[in-house]
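To start, the structure itself, in C-alpha cells.
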Amino acid sequence: QVQLVEFGGGLVQAGGSLRLSCATSGGTSATAWFLQPPGKDREFVAVIRWPGGTASYGDSVKDRFTISRDSAKNTLYLQMNSLKPEDTAMYYCAASPTDLKYYLPSAWRYWGQGTQVTVSS
C-alpha cells in the first residue's frame, strides 16, 4: 500500500506562484496531480511516469504548471505559476495507476487527503 501526504497549499494572489509537495511511502510507476473545485468533479492536472520522467498535462494548466519527482526523497512536486482564480480547488496527488487512462480519477489506486489552494483576484 502507498500512503500519500500533500502539503504546500495556501492563499495566493492571481499571478502568483505556489509549489505543492506530496510525500509518498513507496514506489509507484507513475504519480499524478488532480484538482477538485467545490461542487465539481475531480480534474486531471498532470502525470509523471517513472522511469524516464515523462510528463503530461491537462489543457487548463499546460505551460503554467510543472510536475516533477525526487525519487531519492520519495516526493512529488507541482510548481504552479501564473495562478488564476479558477485554479482555486483542493489538490490531490495520486499513485499506482491501474489503467493507462491517466486523466481519469478512476485509473488511480491511492490518493492523498488533499491540500487547499485558493487564488484571490
Side-chain angles (χ1 to χ4, degrees):
Q1 186 168 354
V2 178
Q3 293 182 329
L4 307 165
V5 179
E6 304 97 333
F7 49 96
L11 174 64
V12 63
Q13 288 189 331
S17 299
L18 274 178
R19 188 176 81 156
L20 304 183
S21 302
C22 173
T24 67
S25 66
T28 174
S29 62
T31 42
W33 289 98
F34 284 76
L35 63 83
Q36 187 167 19
K40 296 186 178 181
D41 293 335
R42 204 162 288 191
E43 175 185 328
F44 172 71
V45 174
V47 61
I48 187 165
R49 304 167 189 82
W50 212 260
T54 58
S56 300
Y57 296 89
D59 288 341
S60 65
V61 305
K62 203 172 294 184
D63 299 326
R64 297 189 298 123
F65 292 8
T66 302
I67 189 171
S68 62
R69 177 172 158 173
D70 186 332
S71 293
K73 296 181 179 179
N74 284 332
T75 301
L76 176 71
Y77 301 99
L78 184 69
Q79 178 66 44
M80 306 186 295
N81 298 328
S82 302
L83 282 161
K84 305 174 181 179
E86 51 263 44
D87 295 322
T88 294
M90 187 72 79
Y91 283 71
Y92 298 90
C93 61
S96 298
T98 59
D99 191 297
L100 291 180
K101 295 179 180 177
Y102 295 131
Y103 54 91
L104 294 177
S106 60
W108 297 87
R109 186 173 182 184
Y110 300 111
W111 293 88
Q113 83 290 346
T115 185
Q116 177 68 38
V117 172
T118 303
V119 184
S120 63
S121 57

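Computation of the quantities below employed the complete heavy-atom set of this structure, encompassing side-chain atoms and omitting hydrogens, waters and symmetry-equivalent molecules.
In this structure a side-chain-to-backbone donor-acceptor pair under 3.5 Å is missing from Tyr102 to Ile48. The main-chain N or O of Ala107 is found under 3.5 Å from a side-chain atom of Thr98 such that the two form a donor-acceptor pair. A distance-only check finds no donor-acceptor pair linking the side chain of Glu6 to the backbone of Thr115 [under 3.5 Å]. A donor-acceptor pair is defined here as one N or O able to donate and one able to accept, closer than 3.5 Å; no such pair exists between the side chain of Arg109 and the backbone of Ser96.
Remark: of the listed residues Val61, Thr88, Thr118, Leu18, Leu18 is the sole one forming a side-chain contact (heavy atoms from CB on, under 4.5 Å) with Leu83.
Here CZ of Arg64 is found 7.0 Å from OG of Ser82. Values are rounded to the nearest 0.5 Å. Put simply, CZ on Phe7 and OG1 on Thr75 are 6.0 Å apart, with the number rounded to the nearest 0.5 Å. Taken from CG in Leu78 to OG in Ser21, the straight-line distance is 9.5 Å, to the nearest 0.5 Å. To the nearest 0.5 Å, the span separating CZ on Arg19 from OG on Ser68 amounts to 7.0 Å. The structure places CD of Gln116 at 10.5 Å from CD of Gln36, a figure rounded to the nearest 0.5 Å. One finds the CG atom of Asn74 at 12.5 Å from the CD atom of Gln3 (value rounded to the nearest 0.5 Å).
Here the shortest heavy-atom pairing between Lys62 and Tyr57 reads CE-O, 3.8 Å. Of all non-hydrogen atoms in Pro97 and Ala30, the two that sit nearest each other are CD-O, 3.7 Å. Minimum interatomic distance between Ala55 and Ile67 (heavy atoms only, all atoms of both residues): CB-CG2, 3.6 Å. In plain terms, the two heavy atoms of Pro85 and Ala14 that are nearest each other are CD-CB, 4.1 Å.
When side chains are defined from C-beta on, Leu104 does not count as touching Asp99, because their heavy atoms never get closer than 4.5 Å. For the pair Tyr92/Leu4, no side-chain contact is recorded, criterion being any heavy-atom separation below 4.5 Å from C-beta on. Considering only heavy atoms from C-beta on, Ser56 stays 4.5 Å or farther from Tyr103 through its side chain. Side-chain contact check for Gln79 versus Asn81: some heavy-atom pair is nearer than 4.5 Å.
Atom CG of Asp63 sits in a sparse spot, with 12 or fewer heavy atoms from other residues, nucleotides or ligands closer than 6.0 Å. Under a cut-off of 6.0 angstrom, the local environment of CD in Gln113 is crowded, with over 12 non-hydrogen atoms contributed by other residues, nucleotides or ligands. By the neighbour-count criterion of 12 heavy atoms within 6.0 Å, atom NZ of Lys40 is sparsely surrounded, having that number or fewer from other residues, nucleotides or ligands.
In the hydrophobic cluster analysis, where Ile, Leu, Val, Met, Phe, Trp and Tyr join through side-chain heavy atoms closer than 4.5 angstrom, Met90 is grouped together with Phe34. Leu35 and Phe44 end up in different hydrophobic clusters when Ile, Leu, Val, Met, Phe, Trp and Tyr side chains are linked at under 4.5 Å. Linking ILVMFWY side-chain heavy atoms closer than 4.5 Å, directly or via other members, places Val47 and Tyr77 in two distinct hydrophobic clusters.
Judged purely by distance below 3.5 Å, without hydrogens or angles, the side chains of Glu86 and Ser60 never pair a donor atom with an acceptor atom.
Salt bridge annotation for Asp87-Lys84: absent, with no cationic side-chain nitrogen under 4.0 angstrom from a carboxylate oxygen.
Within the cation-pi definition used here (under 6.0 Å to the ring centroid, within 45° of the axis), Arg42 does not qualify as a partner of Trp108.
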